[in-house]
Amino acid sequence: RKEVEQDPGPFNVPEGATVAFNCTYSNSASQSFFWYRQDCRKEPKLLMSVYSSGNEDGRFTAQLNRASQYISLLIRDSKLSDSATYLCVVTLLKFNAGNNRKLIWGLGTSLAVNP
Amino acid sequence: NAGVTQTPKFRVLKTGQSMTLLCAQDMNHEYMYWYRQDPGMGLRLIHYSVGEGTTAKGEVPDGYNVSRLKKQNFLLGLESAAPSQTSVYFCASRGTGSNQPQHFGDGTRLSIL
């Protein structure tokens with residue numbers, strides 16, 4: 001099983017629709033979680049962090065389900081400008097001499113919002 | 001509001017040539033990263049650094065070297081470029097703490113002929 005898995009899509013939805021993506025992770029010791037969006041040929045940009053209690057930012061809602069080991073992203077009232085690839089990132093603490101954190105990236109879910 | 005700056009933005013090299021990609025951040029971040037992104041492969045970590053003077057290997061370090069002589073700069077070197085290194089390269093930096101996200105530069109598109 002991959003450490004972080006996402007449905008690659010593409011998800012094709014009409015403007016105004018509500019769409020949700022999930023991202024599953026394999027390591028129960030994962031510490032922190034993020035959603036990024038990436039436009040074609042551009043750099044990934046932070047969309048939102050994912051908090052244990054769930055969090056909302058305008059039309060976007062992120063949830064964490066530790067029991068089932070997945071995070072979700074809900075987009076309400078989709079806009080054409082929401083068309084992008086959505087990447088999830090999971091942070092894991094590496095117990096080595098440096099106690100560094102390992103960031104594990106999903107391959108992304110492609111969303112196309114159509115007029 | 002520069003954030004993370006990568007230079008150059010585009011480059012074409014011939015096989016066997018060498019070059020250095022520069023990443024600079026003005027956020028006083030400890031951690032810096034170099035990724036490559038290829039179609040269908042997602043982001044793959046090449047090397048990273050947890051502080052000035054330190055570097056470590058990521059998933060795909062072969063054919064690359066890095067240096068972090070100053071906290072704000074992280075250099076990625078290709079000693080002898082190969083066509084397999086044609087890719088888009090992203091640099092990122094992050095503050096300390098588990099809840100700190102990565103901030104990315106806008107990428108370097110590198111083609112090796």
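Quantities reported herein were computed from a predicted structural model and do not represent experimental measurements. Lettering of chains follows the sequences in order, A, B, ..., and the numbering in each one begins at 1.
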Can [Y] be reached from [X] by stepping across I, L, V, M, F, W or Y side chains whose heavy atoms are under 4.5 Å apart?
| X | Y | value |
| --- | --- | --- |
| B/Leu13 | B/Leu76 | yes |
| A/Trp35 | A/Leu64 | yes |
| B/Phe90 | A/Val89 | yes |
| B/Val4 | B/Leu21 | no |
| A/Val19 | A/Ile71 | yes |

Are side-chain heavy atoms of [X] and [Y] found at a separation under 4.5 Å?
| X | Y | value |
| --- | --- | --- |
| B/Asn99 | A/Ser49 | no |
| A/Lys42 | B/Phe104 | no |
| A/Lys45 | B/His103 | no |
| B/Met41 | A/Leu107 | no |
| A/Glu43 | B/Gln6 | no |
| B/Tyr33 | A/Leu103 | yes |

Distance in Å, A/Leu87 CG paired with B/Gln37 CD, rounded so as to fall on 0.5 Å steps: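 The distance works out to 7.0 Å.
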
Taking atom CD as the centre, does B/Glu79 end up with more than 12 heavy-atom neighbours from other residues, nucleotides or ligands that are less than 6.0 angstrom away?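 No.
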
So, does A/Tyr36 use its side chain to make a donor-acceptor pair with the main chain of B/Pro101 at under 3.5 Å?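 Side chain of A/Tyr36 to backbone of B/Pro101, a donor-acceptor pair under 3.5 Å: no, none is there.
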
Chain A contact via B/Arg109 - which portion, at a heavy-atom distance below 4.5 Å: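 Side chain of B/Arg109 only, per the 4.5 Å heavy-atom cut-off to chain A.
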
